[in-house]
Amino acid sequence: MIPAFFNLGTGEIIIIVFVILLLFGGRKIPELMRGLGKGVKSFKDGMNDISNEINKPGQSDRKDSDNNNA
C-alpha cells in the first residue's frame, strides 16, 4: 500500500500543486519554501552536532591515555 502512495503521475502532481496554490496563494509559497529550507538546514546542523559530540569523547579519551603513558 505504501509503494502505491509514491507512484504519482504528472496529473496527480499538477492537481496537488494547484490545491497548494489555492490554499496558500502565490505570495505565501516562497515563504513556506524558505521556512522549509531553514528547517532542513537546522536539522542537518543538529545531526552534524550530534555526530561531532559522539566522535569528540572518543578522540579525547585517546589523548588522555597518551598523556598518562608519557
Side-chain angles (χ1 to χ4, degrees):
M1 186 170 168
I2 291 175
F5 175 74
F6 294 109
N7 191 14
L8 296 175
T10 306
E12 289 89 358
I13 293 173
I14 291 172
I15 291 171
I16 291 170
V17 169
F18 182 71
V19 169
I20 290 172
L21 280 172
L22 284 176
L23 290 175
F24 297 109
R27 294 182 183 157
K28 292 283 186 178
I29 300 294
E31 293 176 31
L32 290 171
M33 293 297 113
R34 196 173 301 119
L36 182 64
K38 286 180 181 179
V40 169
K41 184 181 183 311
S42 174
F43 179 76
K44 285 182 180 180
D45 289 344
M47 292 300 292
N48 287 336
D49 289 345
I50 291 171
S51 177
N52 290 339
E53 287 296 321
I54 290 172
N55 292 331
K56 191 182 291 185
Q59 293 173 352
S60 65
D61 288 344
R62 284 188 225 136
K63 289 179 185 176
D64 291 341
S65 64
D66 291 341
N67 290 337
N68 291 337
N69 292 335

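What you are looking at is a predicted structure, and each value in this text was computed from that prediction instead of being measured.
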State plainly whether one hydrophobic cluster holds both Ile16 and Met33, where clusters connect Ile, Leu, Val, Met, Phe, Trp and Tyr through side-chain heavy atoms under 4.5 angstrom apart. yes
My understanding is that a hydrophobic cluster links ILVMFWY residues whose side chain heavy atoms are under 4.5 Å apart, including indirect links. Using that, what else belongs to the cluster containing Ile14? none
Please list all pairs meeting side-chain hydrogen bond (donor to acceptor under 3.5 Å, both in side chains) that have one or both residues in residues 27-42, counting only residues at least two apart or in different chains. Lys41-Asp45
Please name all residues satisfying side chain to side chain contact (heavy atoms under 4.5 Å, CB included) with Val40, sequence neighbours left out, ordered by chain then number. Lys44
Using the test side chain to side chain contact (heavy atoms under 4.5 Å, CB included), find all partners of Ile13 that sit at least two apart in sequence or belong to another chain. Leu8, Val17
In Ile20, Leu21, Val19, the residue satisfying side chain to side chain contact (heavy atoms under 4.5 Å, CB included) with Leu23 is Val19
